[in-house]
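What follows is a short report on a single structure.
From a predicted model like this one, the values you see are computed outputs, not experimental measurements. The figures that follow rest on heavy atoms only: side chains count, while hydrogens, waters and symmetry mates do not.
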Amino acid sequence: QVQLVESGGGLVQAGGSPRLACAASGRTFSRYAMGWFRQAPGKEREFVAAISRSGYSTNYADSVKGRFTISRDNAKNMVYLQMNSLKPEDSAVYYCAADDSSYLRNRYQDYDYWGQGTQVTVSS
């Protein structure tokens, strides 16, 4: 089992570059592909980015490609989401998730463990 705790959210101006962090418990962190999802009020949870177990492969939603970067540090049990050039439409609760899979998947239903989320609000 994996417990996930996100941090790094808050109020950011448009164009800002915050970094979200997700701390994972457990000694089997490296067996999980990791993902970031977000959910805005009244909308379905949507995929943002995913990273493979090793960190060598990544996948991004088209809406964030070129602006966001996902990374992980297996030695520290951490996964990060560097967000650049933020837009008001990026405002949402951002969730870290773990997927016990060797694939990079973008459906939230495929992920096994979730953090509590961190709010990111982008002001224009």
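Separation of atoms CG (Asp73) and OG (Ser30) is listed at 11.5 Å; rounding is to 0.5 Å. Atom-to-atom distance recorded for Glu89:CD and Lys87:NZ is 5.5 Å, nearest 0.5 angstrom. Interatomic distance, OG of Ser124 versus CD of Gln13, reported as 9.5 Å (0.5 Å rounding).
Nearest heavy-atom pair across Tyr95 and Glu6 is CA-OE2, 3.4 Å. Of all non-hydrogen atoms in Phe47 and Asn59, the two that sit nearest each other are CZ-O, 3.6 Å. Pairing each heavy atom of Gln39 with each of Ala92, the nearest pair is O-CB, 3.4 Å. Contact record, Val48 with Tyr94: CG2-CE2, 4.3 Å, taken as the closest heavy-atom pair.
Tested against Tyr80, the residues Met34, Arg19, Arg72 include a single side-chain contact (heavy atoms from CB on, under 4.5 Å) partner, Arg19.
The backbone N or O of Gly26 sits less than 3.5 Å from a side-chain atom of Asn77, completing a donor-acceptor pair. Proximity of a side-chain donor or acceptor of Asn106 to a complementary backbone N or O of Ala50 within less than 3.5 Å is not detected. Between the side chain of Tyr60 and the main chain of Ile70, a donor-acceptor pair closer than 3.5 Å is present.
In this structure, the side chains of Cys96 and Trp114 stay at 4.5 Å or more apart for every pair of heavy atoms. For the pair Asp100 and Arg31, the minimum side-chain heavy-atom distance is below 4.5 Å. Residues Tyr111 and Arg45 form no side-chain contact, since every pair of their non-hydrogen atoms from C-beta on lies 4.5 Å or further apart. Within the 4.5 Å cutoff, no side-chain heavy atoms of Asp110 are placed close to those of Ser101. Side-chain contact between Leu81 and Thr69 is absent, with no heavy atoms from C-beta onward closer than 4.5 Å.
Surrounding CD of Gln119 are more than 12 heavy atoms belonging to other residues, nucleotides or ligands, all under 6.0 Å away.
Between Asp62 and Lys65 a salt bridge is recorded (basic side-chain N to carboxylate O distance below 4.0 Å).
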